[in-house]
Every structure is written in structure tokens, then in C-alpha cells.
There are 4 protein chains.
Amino acid sequence: MKKTTAGSLKPRKTPAQRRSAVTVDVIFEATIQVLLAHGFDQTTTTRIAERAGVSVGSVYQYFPNKRALLAAVVRRHIAEVVSAGVAACESVHGATLREMCSAAVSAFVDAKTRRPEVSRALYLPAAAVGADLIVREESMRSVRAVHAMLITAADAQFSQPAIVSQVLVTSVIGPMQAAIESGGGAPVFAALKQHLTALCAGYAKEMSRPN
Amino acid sequence: MKKTTAGSLKPRKTPAQRRSAVTVDVIFEATIQVLLAHGFDQTTTTRIAERAGVSVGSVYQYFPNKRALLAAVVRRHIAEVVSAGVAACESVHGATLREMCSAAVSAFVDAKTRRPEVSRALYLPAAAVGADLIVREESMRSVRAVHAMLITAADAQFSQPAIVSQVLVTSVIGPMQAAIESGGGAPVFAALKQHLTALCAGYAKEMSRPN
Amino acid sequence: MKKTTAGSLKPRKTPAQRRSAVTVDVIFEATIQVLLAHGFDQTTTTRIAERAGVSVGSVYQYFPNKRALLAAVVRRHIAEVVSAGVAACESVHGATLREMCSAAVSAFVDAKTRRPEVSRALYLPAAAVGADLIVREESMRSVRAVHAMLITAADAQFSQPAIVSQVLVTSVIGPMQAAIESGGGAPVFAALKQHLTALCAGYAKEMSRPN
Amino acid sequence: MKKTTAGSLKPRKTPAQRRSAVTVDVIFEATIQVLLAHGFDQTTTTRIAERAGVSVGSVYQYFPNKRALLAAVVRRHIAEVVSAGVAACESVHGATLREMCSAAVSAFVDAKTRRPEVSRALYLPAAAVGADLIVREESMRSVRAVHAMLITAADAQFSQPAIVSQVLVTSVIGPMQAAIESGGGAPVFAALKQHLTALCAGYAKEMSRPN
DNA sequence: CATGAATGAGGTTTCATTCAT
DNA sequence: TATGAATGAAACCTCATTCAT
């Protein structure tokens, strides 16, 4: 990244037409591929275009600059993962604490490990682009969903549900990331689910009063 | 950063003379300052040298390239934090689970928040440089220390102490980071200690049998 | 030249479009001009680009690095000279030894002195770049052509035609170079032809048996 | 070479003292070693000093700048070779043409191949340093010696002894260099002597009248 | 005298972005 | 609309040379 020109991060045109939507997808996928194959600093717009089978000019037709492109890729990935988590949370309103933790953790791990390489590839871009904002926004969605879920718990009551939600969401990411980086496969992820469920449930129990 | 030159990350010459040692320290501090004031991609070797009050040449007398410099700065910071945590762990061998969690978390939070800006400044460099390795190495030290501590717990026994240690260490970082990023002050960090202690203790209880 | 980067010496993209071909030629010519006007170490890529009326970037669009550019310039020049010599050799198959020497020497001197400054300008680059290889390759072409010629001589037979060819080719270059360096004009070159012809013919006679 | 500052090429102080003379020799030898081990552009003053076991400062005590150092090294080497040739020429005054050629060529080849690596190492520096002048000066000595020799030939007379001498000297260098570059050993050099003798004798015969 | 840390001008190279075709 | 050659600011890094110790 050269200058982080601080320009707009929003895509340039909404892909109204069919063709456009396809092109954007191709560019997204190419970006991830290049990121994985060449690493962050070798990820140039030209290379992305090449890999996508379009010209650099075309890339700039859809994104005002490189940052915007990376941001969009990051946003899409995070949004997917978060949405899965949010849906899981909503589906267990009214359940017990342990059921809630198990369901949410499971959904999160599944979503995140569906394409583990993608998570790895996007780690640096997310930080380097001003995607912190995006990450924060999406995290908020998770936190809110967890919050909304917790207060419906059948077997407990929280005095600080907001803070607890925040800690729950952020504490789960580290072990997740570590597991992905370590290159572990399905069995590792299965074990991870159990441990993260215990982590969340244990903490939730500590911070709540039985109902 | 242009090319991730993949060259050696080891410092170039050990500062033998007093003057040199000072110079290196000045450069370290300048690096952090620039990182904070201008952001990662605006952190150029020239700017670092300027801020340090030396010439670019001097920087390159001690570090073979920019990556190595950043890596060194990251290493020093992480090592400090980890060392504090490790010391705390060692000081509570034989205590109860809750005492252990409280002591370790407290030490970790204190170390990490002594200079919160530094943590923020080094977040991206750590990822961008090949400092993953460094981070991983230091993480291992923490994990081992936690592991050594856990198995001496007065009131509990673990069947998978290794995994538990790993999860404990990685789960604590996220909330920590979030608190720092949020810019919270002393009260936030105090609350954080309580929550992280609960997080750890709760999880530890879940994963162990009473003695 | 800083680092003899040892990277590829092959041009980067073959100029497909007309515009590109022109650009490359302009860069070639500019390189020679700068070499002549400023000398080898003052021949910077920036200066070449300036003189060529293009941007540095354009230079790097066609050549992966400075060495490759210089190598290409050297190669083109040497190839021209050698080709002239080879053609001359082929045109006198079956002639007498003296006719052969006269024809080959004449062609070589003519080719080399068509633009004497170029020869002077490229002397150092040829050595400094890894163009030794190029020079060697092209020399081989000359040697082979001379060899092929010699064995058809109407009036003589050689027992070691290979070695003789090698010596003939290499012995002629020194006096040639000296004459160019001395800045002599047409009359000097005319005299040179006679002397070199004598040199070659005399040696050839010594190393062969009359037919 | 950075700037070819065009400063004086003359050594800075005459090594009046014993110690100085030794130091200069050590530096000379170190220069050649570095040239051979690292190549021309990697031959830095610091590296030379290191290899010589002295400080950079000391190198600058004896030579005003890098060019002067390289020039001195080149000069010494060439002077040695030329002196050997000159001596040989003087020792055969009054002999026959063929004897002259044989003696001079033999001495030249011997001198040049005593340390073939040195010749290779100094090739580029000689050209890059403006040592052309030195080379030219020393060449002149050779040419004059050959000239003085030729006119005493017992069996021939030359109408243009000056030009003939010039051509003889310059024509012999190319094949010599090629033989060295090719890495050939003693047998190659033996054959070379025969061919160069034939080359010179043949040419000399062509350019002279029997006595 | 020797040392070697410090200097800093300047060289090479990259790559996001534009715009004529 | 798509293309991709051209741009050029700016980054990293080197190394001959100096001078305080």
C-alpha cells in the first residue's frame, strides 16, 4: 500500500447489471487468490486484474482505489461470518445459557472455517486498510445479537449484559484465529467448539445470577 | 513496506559502545512515535531517522532493513509484556484457581496498559512484518508458563492442561485489545481485569475436576 | 550500478504495439547517448528516461532492471557487428586465404567503425553488466563462421582450424579497439584494414599447409 | 563506484616507513581478494579494510579515495607484466624475428598467467577507474620496447615499425584474455604461446623486407 | 596515528492511478 | 466500456568519506 489516500471506501457503482455483478465477484475472488499466493505487499492492482482476467482499468471502474477494493472484500467476508453468528443467536432466544453458547460458538466456528485460507488471507488487509471501522461495525452487530440473546436466557440474569456480550465476542476470536493459523483440520475445530463453549458458558455463569 | 524482502531479521551489529546502545534506543522510540503519529504506511525509514535525530545511514548500521527494525521493536515490546505475565504465573504456583487467574490477568493487563499507545502502534507492524513468528514464539512462552502454573493448582486438576493454557492465553488478548482500541482509561481497565478473571476462572472450572 | 542484482536479463515484455516498439528504440538510443555524454557511473536510469523523453516507469515496463537494459543495448550492438562479419565470411567460402582475411577484416572494421562512439560507449557496460556471456556467445558465432570459412580455403589446409579461428577473432579486436579509442578517422581505419589483413593472413599461412 | 569524484589518483603518502609499505601491500592484496570474492560492485572500501585487517580510516590514510586505490592496484599489476615483457624484448635485441616473437610472447604469457585470477579481477576496475590512462601509458612502454627491438632484427627491416609494434602489442592481448577467461591451465597456455608466436612472426614477416 | 560510527546525497525500483485509443 | 502503456512521486537502501574519540 502506498499512500492510503484516504479516499472513499465505498464501491464506485452498484452493480445494477448482471454482468457487473459477475465481474465484481470475479475481482473479489481474484483478490483473495493473489493475497494467498503472493502475500499482502505483493498484492498489486495489476496482478489482481490479471488474475481476474480483466484490465486494471476495469478494476477502477468498480472501485475508486485499492483500499476500497480490499475493504469491500474484507467487508463481505466478515459480514458473512457475522451473519451466520447473528442468525444462530436469534434462533436460540429463550434457551438455556449453555444451549446459547453452544449454538452461537458452533455457528461461528463453522462460518469461520468454511474457508480458513480466506480468513488468513484477509487478516492483514483488514488491519492495513482502514477496515478497522468495518470490523468494528460488524463486531457491534455480533455484540448486539449476543446481547439480545443473553437477556432472554431461561436460566439466568445478567447485571451487565452489554459488557458481557462484548467480552464474549472478542474472547472467542483469538483462539479461533490461533486454531486456523495452526493449520488444524476438522478434528481440531471440533475440539475447539467444545472448549469455546466451555469458555463462554463458564464466563456467563460467573457473570449472572440463576433465575 | 515495499517488498517484504525476506532478508534476515536479526539486528546487524550488537551495540558494543555506549554511544551505539543509546542510538539504538533512540531509534526504537522514534519508530514507535512515528508509527503513532503517522500510521503504518507513512512510517518510512527516513521519517524514523529524522525523528530519532540521526541519519538514515545510522538506522541501517544497526538493522539490515526496515522489516528487521520493526521486528526488533515488536519483539522488545512483546517480550516485556510476556515476561511480566510469566513472572506473575510463577509467583502463584500452588495457589487456588481463582487466585491464579486473578494474578495472571492482573499482571497481563497492567503490562499491556502501561503504554497503551505502544500496543496500538505495534499492532499492524507485528502482522505486516514477519513478526508472526516472534509473536508465536512469545505466545508459547506464555502458554508454557500458564501450563506450569495450572498443574500446581491447589484446588483442581486438568485433564488437558496444554489445550486449556492455549485457549486461556489467546482468549484474553481479544478483549484486551478491544479495550485499548476503545481508548478507555484506568476505570475501564479495572473492570476489564474483573471480567477477564471471571472469564478465565469460569473456563478453568469448567475444564477441571475439584481436588 | 549498485548491486548486480543478478535478476533476469531478459526484456520484460515484447513490444507488441507499434508505440511500444518505438519507445524501446528511443530508450536504446538514449542509453547510448547518456553513456557517451556522462560516462558509465553517471548513467542513471532516471537520466536515460529523461533523455529518452519518457518516464522511468516506462523504462521499467520493458526491462526488469538496469542491467537488463544495458545488456540489451550491448547485445544489439554486438549482434550487428558480428552479423556483418559472419555474412562476410560466408560470402567468401572457397576463396584463397588472403581473400578471406581481407574480406572478413574489412567487413568487421566497417561494421565496428560505422558508429565508433557506440563501441566506445559500450565497452564498460559490456564488462560491468553480466554481458560477458552475451559477448562470449556472439564471439562464438564469429568463431564458428571463421572456422566454416577457413576449411573451404582454396589454397591451404589447417590442422587445428578451431583454435586458429579463435585466435584470429580475438586477436583482431585489440587493435580495432585501440584504433577507435585513439579517435582516428577514416584514414586510420583504412590503414588498420591492411595491417589486420596482414596479421590474419600471416598467421593463417603459418598455421596451414599449402594445398 | 558512486561518483568517480575525479580527484587525484596518486597515492597520498609515499610509504617511507617500513610499516607503511607493509600496510599498503596488505591493502593491495585485500583489494584483489575482495574483487575476486565479491565482484566489482560489491567491492566496498569497508570490505577491503576489513579483509586487510585495518580500519577504513587507515585506507584513507594511504589513498585519497577509492579510485586512487583501485588505480594503484591496477597500475602495479600492469607494470609488473609490462616490465617482464620489456625485459624480454631487450634481451633479444639483434636476434631473428622469430626468436624475438618467441621470447617476447613467452615472457608476456608467463607474466600474465602467473596469477591468472588477478588479471580477471582487475579487468573491470581497470576500465571503470579511468585507469585507461594507466593502461595506455604502460601499453606505450610495451610498444616502445617492441619497437626498439624490431629495428634491431637480424633478418628483416620494417618500413612502419611504429604501427607494427602497436598492432603486435594489442593483438596479443585478446587471445591471452580469452585463454585466461576460459580457465585453461598450463597446457592451454603452452599452446597459446605457440599460436601467439606464429601470429606475431607471421605478421612481422608480412610487414617487413628480408635483410 | 588508528578507529569506526555517523553522514546523507543519490541511485534503483515499484505501483496506484490515469486517459488516449 | 474496456484496455494497458505511461506516469512519476516516493520508498528503500548503499557506501564513499569524514572526524571526534
Worksheet item: Which whole-number value in Å describes the distance from Leu69(C) CG to dG11(E) P?
Response: 16 Å

Response to the item:
So NE2 of His38(D) and CD of Gln33(D): to nearest 0.5 Å the spacing works out to 10.0 Å

Discussion item. Can you tell me the base-pairing partner of dT21(E)? Count Watson-Crick or G-U wobble geometry only, both distances below 3.5 Å, and say none if there is no partner.
Written reply: dA2(F)

Worksheet item: If you check the Tyr60(C) side chain, which of dA6(F), dT14(E), dC12(F) turns out closest?
Response: dT14(E)

Discussion item. If you assign each of Thr46(A) and Thr46(C) to its closest nucleotide in DNA chain E, which residue comes earlier from the 5' end?
Written reply: Thr46(C)

Worksheet item: How long is the line joining CD1 of Ile27(C) and P of dT13(E), in whole Å?
Response: 14 Å

Worksheet item: Of Gly57(C) and Gly53(B), whose nearest nucleotide on DNA chain E comes first from the 5' end?
Response: Gly53(B)

Worksheet item: Between Thr45(D) and Val54(A), who's closer to the 5' end of DNA chain F by nearest nucleotide?
Response: Val54(A)

Discussion item. Using a 4.0 Å heavy-atom cut-off, does Ser58(A) contact any base of the nucleic acid, only the sugar-phosphate backbone, or nothing at all?
Written reply: base

Fill in: Nearest-Å distance for atom pair OH/P, residues Tyr62(C) and dT14(E)
16 Å

Worksheet item: Taking side chain as C-beta onward, heavy atoms only, is Phe63(D) less than 4.5 Å from Val24(D)?
Response: yes

Worksheet item: At under 4.0 Å between heavy atoms, what does Val59(B) touch on the DNA or RNA strands: base, sugar-phosphate, or nothing?
Response: nothing

Worksheet item: Below 4.0 angstrom from OP1 or OP2 of dT1(F), is there any side-chain N or O of Gln61(A)?
Response: no

Worksheet entry | Among dT17(E), dA5(E), dG4(E), the nucleotide that comes nearest once only the side chain of Asn65(A) is considered | dT17(E)

Worksheet entry | Neighbour count above 12 (heavy atom, 6.0 Å) for Tyr123(B) OH | no

Worksheet item: Starting at CG of Asp41(B) and ending at C1' of dC12(F), how long is that distance when rounded to a whole Å?
Response: 15 Å

Worksheet item: Considering every strand shown, what is the Watson-Crick or G-U wobble mate of dT14(E) when both distances are under 3.5 Å?
Response: dA9(F)

Fill in: Close side-chain approach of Thr45(B) and Tyr60(B), heavy atoms under 4.5 Å
yes

Item to complete: Report which part of the nucleic acid Thr44(D) touches: base, sugar-phosphate, or nothing (heavy-atom distance under 4.0 Å, all strands).
Response: sugar-phosphate

Discussion item. How many whole angstroms separate atom CZ of Arg47(B) from atom P of dC13(F)?
Written reply: 16 Å

Worksheet, complete the sentence: Regarding the side chain of Val56(C), the nearest nucleotide among dA5(E), dG8(F), dC12(F) is dG8(F)

Item to complete: Quickly work out the Arg67(D) CZ to dC15(F) C1' distance and round it to whole Å.
Response: 17 Å

Worksheet, complete the sentence: Separation of dT14(E) atom P from Lys66(A) atom NZ, nearest Å, is 14 Å

Practice prompt. Enter the distance from Glu29(D):CD to Arg51(D):CZ here, rounded to the nearest 0.5 Å.
Written response: 8.5 Å

Fill in: Of the listed nucleotides dA5(F), dT12(E), dG8(E), the one nearest the side chain of Ser55(B)
dG8(E)

Discussion item. For a 4.5 angstrom cut-off between non-hydrogen side-chain atoms, does Arg76(D) reach Asp25(D)?
Written reply: yes

Worksheet item: How close or far is atom P of dA5(E) from atom CZ of Phe63(B), stated in whole angstroms?
Response: 14 Å

